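Read through the structure below, which is laid out as structure tokens, and then see the notes.
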There are 2 protein chains.
Amino acid sequence: MEDTFRAEASARLREAGLRATGPRLAVLTAMRRMGGHRTADEVHAGLIEQDVRLPRTSVYNALAALSSAGLVNYADIGPGAAVYETAGEWHHHFVCRRCGAVLDVPCAAGGKPCLTPDIEVGVVEEAQVIFRGVCADCAASA
Amino acid sequence: MEDTFRAEASARLREAGLRATGPRLAVLTAMRRMGGHRTADEVHAGLIEQDVRLPRTSVYNALAALSSAGLVNYADIGPGAAVYETAGEWHHHFVCRRCGAVLDVPCAAGGKPCLTPDIEVGVVEEAQVIFRGVCADCAASA
DNA sequence: CGGTAATCTGGACTGAGTCCAAATCGCGAT
DNA sequence: ATCGCGATTTGGACTCAGTCCAGATTACCG
Ligand SMILES: [Mn+2]
Ligand SMILES: [Mn+2]
Ligand SMILES: [Zn+2]
Ligand SMILES: [Zn+2]
């Protein structure tokens, strides 16, 4: 199970023209174990906790590679804050201005409808939708 | 003209429950003069160039206030990169991964399903859409 | 005009993200 | 299996946008 998981990941990395290296598989495994939205440093800490010693820089490198291979999704949550999550159903994010919570927001039309701007700007590779506001919990306690 | 501009801005700040202070009006004036998408530090530099001495922190404070008053728009362009622009027609942005260019993308008002989440997450105050890819110029020279 | 709370200031600080050159490793070719 | 080379990792230092704080100022109300 763990092995088939790593084998599949390796295959997908190579499909993307990337090498299936130790750090990349380690990061992916850690992310699957931790789940949810994680910052690069949280992933790093998670690895250390499991006695998987890996330089912080390598985590950044691995995340970039995994992201470009489509194995993890990247979400820019605000200045100086980015989170990663294992790639699943495409969705958007809601960020609470008060508590910083990040909530998943299903994409209304399914697929990636937002990938098509109304004007010709170039090759659009991804569209990120971020809702900002106050989450239900914070709104309640105010 | 310059005076009516400042008077209007003052009024709009007060409408938003904010004080019409020197730094805020100075920043807004500088942004109008410079135009386009500007980082906080570019605004700061622009002010210095006009012999308007203002601490960097104050520019950040002013931009936050102007943003919450709706006089300038804020766009999160990537980790550690945010740009501001004088508020006009609401629109989205395309960011080129190669050259970093930021292009305006008109918002097909109402046409984009993603602008309204279809689950209850809380009070949504804004939805930001960021397209990432390779701009036409960069695509041509490759 | 004061009084007062909002805002400004200057400076130090934080920490996510980046950069680089030497060492290592994955993998296609032999 | 083994080799060779280019992709990748590593460790460490570094950058610099953004934040934080406490004392000085200032806008605005009565
Ligand atoms: Mn998510
Ligand atoms: Mn714009
Ligand atoms: Zn919240
Ligand atoms: Zn470009």
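It should be emphasised that the depicted structure is a prediction, and the values quoted were computed from it without experimental measurement. Naming convention: chains lettered A, B, ... in sequence-line order (proteins, then strands); numbering from 1 in each chain. Side-chain atoms are counted along with the backbone in the values below, which use heavy atoms only and exclude waters and symmetry mates.
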* To do: For B:Tyr74 and for A:Arg19, locate the closest nucleotide of DNA chain D by heavy-atom distance; then report the residue assigned to the nucleotide nearer the 5' terminus.
  =>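 With B:Tyr74 and A:Arg19 compared, the 5'-side residue is A:Arg19.
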* First and last nucleotide of DNA chain D, 5' to 3', lying under 4.0 Å from heavy atoms of chain A ->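 First-to-last contact on DNA chain D, by the 4.0 Å heavy-atom rule, is D:dG6 to D:dG18.
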* Determine which pairs satisfy salt bridge (charged side-chain N to carboxylate O under 4.0 Å, His left out) with at least one residue from residues 69-78 of chain A, sequence neighbours left out, and list them in order. =>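 Found A:Asp76-B:Arg132.
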* Residue pairs, two or more places apart or on separate chains, that pass salt bridge (charged side-chain N to carboxylate O under 4.0 Å, His left out) and touch residues 43-55 of chain B ->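 Listed by first then second residue: nothing to list.
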* Tell me, please, which residues at least two apart from B:His37 pass ring pair (Phe, Tyr, Trp, His ring centres under 6.0 Å). =>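 B:His37 satisfies ring pair (Phe, Tyr, Trp, His ring centres under 6.0 Å) with B:His93 once adjacent residues are dropped.
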* When only distance counts, do a donor and an acceptor, one from the side chain of B:Arg56 and one from the base of C:dG10, lie under 3.5 Å apart? ->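 Such a pair does not exist between side chain and base.
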* To do: Please report, rounded to the nearest Å, how far the P atom of C:dT7 is from the CZ atom of B:Arg14.
  =>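 B:Arg14 atom CZ is separated from C:dT7 atom P by 12 Å.
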* To do: Tell me, please, which residues at least two apart from B:Glu8 pass side chain to side chain donor-acceptor pair (under 3.5 Å).
  =>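 In terms of side chain to side chain donor-acceptor pair (under 3.5 Å), with neighbours along the sequence ignored, B:Glu8 is linked to no residue.
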* Return the set of residues passing salt bridge (Lys or Arg N to Asp or Glu O under 4.0 Å) with A:Arg97 (not counting sequence neighbours), or none when no residue passes. =>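 Only B:Glu125, B:Glu126 meet the salt bridge (Lys or Arg N to Asp or Glu O under 4.0 Å) criterion with A:Arg97.
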* Asked: Residues two or more places apart in sequence or in another chain: which of them pass salt bridge (Lys or Arg N to Asp or Glu O under 4.0 Å) with A:Arg56?
  ->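 Applying salt bridge (Lys or Arg N to Asp or Glu O under 4.0 Å) to A:Arg56 gives A:Asp41.
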* Considering the terminal five base pairs at each end of the helix from C:dC1-D:dG30 to C:dT30-D:dA1, what angle separates the two local helix axes, rounded to 10°? ->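 Computed from the C1' atoms at both ends, the axes differ by 50°.
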* **Distance (rounded to the nearest 0.5 Å) between B:Leu18 CG and B:Ser68 OG** =>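 Between B:Leu18 CG and B:Ser68 OG, I get 4.5 Å after rounding to 0.5 Å.
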* To do: With sequence neighbours excluded, give me every ring-ring contact (aromatic ring centres under 6.0 Å, His included) pair touching residues 38-64 of chain A.
  =>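 Passing the test, one end in residues 38-64 of chain A: no pairs.
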* Got a sec, which hydrophobics cluster with B:Ile48, joining ILVMFWY side chains under 4.5 Å apart, including via others? ->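 Other cluster members: none.
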* Looking across every strand, which nucleic acid part, if any, lies under 4.0 Å from A:Thr21 by heavy atom: base, sugar-phosphate, or nothing? ->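 Contact class for A:Thr21: sugar-phosphate only.
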* Check DNA chain C against residues 46-54 of chain B and give the residues with a non-hydrogen atom under 4.0 Å, in numerical order. =>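 Contacts with DNA chain C under 4.0 Å: B:Arg53, B:Leu54.
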* Asked: Can you list, by residue number, the residues of residues 59-66 of chain B that have a non-hydrogen atom closer than 4.0 angstrom to DNA chain C?
  ->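 The stretch gives B:Asn61 as the residues lying under 4.0 Å from the strand, ordered by number.
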* Position toward the 5' end of DNA chain C (nearest nucleotide), A:Asp41 or A:Thr57 ->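 Per heavy-atom nearest nucleotide, the more 5' residue is A:Asp41.
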